[in-house]
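From a predicted model like this one, the values you see are computed outputs, not experimental measurements. Every heavy atom of this structure was used, including side-chain atoms; hydrogens, water molecules and symmetry mates were not.
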Amino acid sequence: MIQLNKTNFQTVKTKFLPKKHLKSGSQEPLLNFYGKRISSWRFQLKKPWDSFVIFVLSILITIPLFIIFHENLINPNWFFSLDRIILFIVLLAVIHYTLYSLRTIIIICIILYFLVLIYGSLFGNFNFNSVFDDYNSMLYSMNNNPYPQDIIIAKLLPFPNKTQIKKAIEYENPKVRNFAVFATSRHFKNIRGYSDYRNIIQCFAVFKEINNRWNYVNDPKDNDYIATASESLLYFSGDCDDHSILMAASIKAIGGTPRLIHTKGHIYPEICIGSMKDLENVNYLIKNVLFAQESYKKQLNYHIDERGQVWLNLDYTAKYPGGPFMSEEILGALTLE
């Protein structure tokens, strides 16, 4: 009886196993000494699913990149926009080739990402709808940029009637609070998703209710009459400062952050919506979900303060949040933190 040791085992294996099973680079399954298949640790999705997943991912990456190139490259105005068609095909081919070369790593990352989304759907706030909303917002903002308006400060002036105006902004008054709550139940109540912007949507509901009902009435001649927020609720009438006071009080009553802007001969309210990243999502919400008809083919107007926070115009002349400014010059601001 022959006893196998390390040396004669290698001799027997070389003699009896086919050469294709001895090549480490062979694509065919390896067999052990007993003829059983040796499992491979290489992770790979079965064909044709690996190609399908990579193709879909390539499309999703190509679209925003194409928008960037389209906006920044000179348009030669070829017939049937052939230049843009060729550009899209080239981008898609390059991205697809790159992803396909790294498909094993990419597919593993996608699976891990889906597991995170499933966990977020069950136990957290970030889910598949959040990804879809963010992607739509990104594409829309890239193709329909809001109109950036830097703060223009001619000179720092005292805010007119500051003490009276702050006193008139009765955000803790039950009548003001009840009106704001009523507005949120009347407009955009059934909007689903966008949980991170629920408060902004509710503030836009207040804006819609006030501006739909507002009737501009001048102050007495040679007298700057300042109405309190609760007083303006009676008839929804008054001048620009009365409108701004009611808007600021109602928004603050439900957790929003408003401020009043003083320009030459005019005061109007604004609302803080957050950072430039938040502006992408809010821009999509306004133009496609909340005020699609009012803002059709129109730009969003906003200011950026010294902290990088974005403020949307809520003037009584605006039909949607971020409507056109009556005056671009800013003389002062009264923020209600």
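Considering only heavy atoms from C-beta on, Leu334 comes within 4.5 Å of Lys166 through its side chain. Here the side chains of Phe159 and Ile267 are in contact, with some heavy-atom distance below 4.5 Å. Counting only heavy atoms from C-beta outward, the side chains of Leu285 and Asn281 never approach each other to under 4.5 Å. Here the side chains of Arg259 and Leu336 are not in contact, with every heavy-atom distance at 4.5 Å or above. At a threshold of 4.5 Å between non-hydrogen side-chain atoms, the residues Leu300 and Tyr320 count as touching. Between Pro324 and Thr317, the closest side-chain pair of non-hydrogen atoms is not below 4.5 Å. For the pair Phe291/Lys319, no side-chain contact is recorded, criterion being any heavy-atom separation below 4.5 Å from C-beta on. Between Ile54 and His96, the closest side-chain pair of non-hydrogen atoms falls below 4.5 Å.
Summarising the geometry of Val206 relative to Ala183, their closest heavy-atom pair is CA-CB, 3.9 Å, with the distance given to 0.1 Å. Across all non-hydrogen atoms, the minimal contact from Ser295 to Lys287 is O-CE, 3.0 Å. Of all the heavy atoms in Ala318 and Asn313, the pair that sits closest is CB-ND2, 4.5 Å. What you find for Asp83 and Trp78 is that their closest heavy atoms are N-CE3, 3.4 Å. Smallest separation of non-hydrogen atoms from Val217 and Ser237: CG2-CB, 3.9 Å. Summarising the geometry of Thr263 relative to Leu331, their closest heavy-atom pair is C-CD1, 3.8 Å, with the distance given to 0.1 Å.
Ring to ring, Tyr194 and Phe188 are not that close: their centroids are 6.0 angstrom or more apart. Taking the six-membered ring where the residue is Trp, the centroids of Phe204 and Tyr197 are separated by 6.0 Å or more.
Residue-environment remark: CZ (Phe182) exceeds the threshold of 12 foreign heavy atoms within 6.0 Å. Counted within 6.0 Å of OH on Tyr216, heavy atoms from surrounding residues, nucleotides or ligands total more than 12; the atom is thus considered enclosed. Around CZ of Phe55, the count of heavy atoms belonging to other residues, nucleotides or ligands within 6.0 Å does not exceed 12. For CD1 of Ile105, the number of neighbouring non-hydrogen atoms (other residues, nucleotides, ligands) closer than 6.0 Å is 12 at most.
Distance alone, capped at 3.5 Å, is enough to place a donor-acceptor pair between the Asp305 side chain and the Gly308 backbone. Put simply, the side chain of Ser232 never gets that close to the backbone of Ala229: no donor and acceptor are under 3.5 Å apart.
Screening residues 205-222 for salt bridge (charged side-chain N to carboxylate O under 4.0 Å, His left out), with sequence neighbours left out, gives Arg186-Glu209, Lys208-Glu294, Glu209-Arg213.
Side-chain contact annotation: Asp278 with Ser275, donor-acceptor N/O pair under 3.5 Å present. Side chains of His243 and Asn211: a donor on one and an acceptor on the other come within 3.5 Å.
A distance of 7.0 Å separates CD1 of Ile95 from OG of Ser58, quoted to the nearest 0.5 Å. Put simply, CG on Leu279 and OH on Tyr302 are 5.0 Å apart, with the number rounded to the nearest 0.5 Å. Between atom CD1 of residue Ile261 and atom OG of residue Ser327 there is a gap of 11.0 Å, rounded to the nearest 0.5 Å. Between the OH atom in Tyr316 and the CG atom in Asp239 there is a gap of 8.5 Å [rounded to 0.5 Å]. Note that the NE2 atom of His262 and the CG atom of Leu260 stand 11.0 Å from one another [nearest 0.5 Å]. Between atom SG of residue Cys203 and atom CD1 of residue Ile254 there is a gap of 4.0 Å, rounded to the nearest 0.5 Å.
When each of Thr335, Ile251, Ile169 is tested with Pro258 by the rule side-chain contact (heavy atoms from CB on, under 4.5 Å), just one qualifies, namely Ile251.
Partners of Ser230 under the side-chain hydrogen bond (donor to acceptor under 3.5 Å, both in side chains) rule, at least two apart in sequence or in another chain, are Glu170, Thr228. The ring-ring contact (aromatic ring centres under 6.0 Å, His included) search around His266 returns Tyr268, not counting sequence neighbours.
Using a 4.5 Å cut-off between side-chain heavy atoms of Ile, Leu, Val, Met, Phe, Trp and Tyr, with links allowed through other members, Leu314 and Val289 fall into the same hydrophobic cluster. With hydrophobic clusters built from ILVMFWY side chains whose heavy atoms lie under 4.5 angstrom apart, Met247 does not share a cluster with Trp311. Follow the hydrophobic side-chain contacts under 4.5 Å out from Val176 and you reach Trp214 in the same cluster. Leu246 and Val181 fall into different hydrophobic clusters, where Ile, Leu, Val, Met, Phe, Trp and Tyr side chains are chained together by heavy-atom contacts under 4.5 Å. Tracing side-chain contacts under 4.5 Å through hydrophobic residues (I, L, V, M, F, W, Y), one reaches Ile271 starting from Met276; they form part of the same cluster.
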Test log, rule side-chain hydrogen bond (donor to acceptor under 3.5 Å, both in side chains), inputs Asn215 and Tyr235: CA-CA 8 Å; Asn215 176 41; Tyr235 301 107; over 6 Å; no
Take Thr257 and Lys252 through the side chain to side chain contact (heavy atoms under 4.5 Å, CB included) test and state the conclusion after the steps. CA-CA 6 Å; Thr257 303; Lys252 189 168 177 61; over 6 Å; no
List the steps and the verdict of side chain to side chain contact (heavy atoms under 4.5 Å, CB included) for Ile165 and Lys162. CA-CA 5 Å; Ile165 288 177; Lys162 178 178 178 179; 5.9 Å; no
Apply side chain to side chain contact (heavy atoms under 4.5 Å, CB included) to the pair Asn161 and Asp241, showing each step before the final yes or no. CA-CA 10 Å; Asn161 303 312; Asp241 51 26; 5.5 Å; no
Take Ile286 and Val282 through the test side chain to side chain contact (heavy atoms under 4.5 Å, CB included) and record every step on the way to the result. CA-CA 6 Å; Ile286 291 173; Val282 172; 3.7 Å; yes
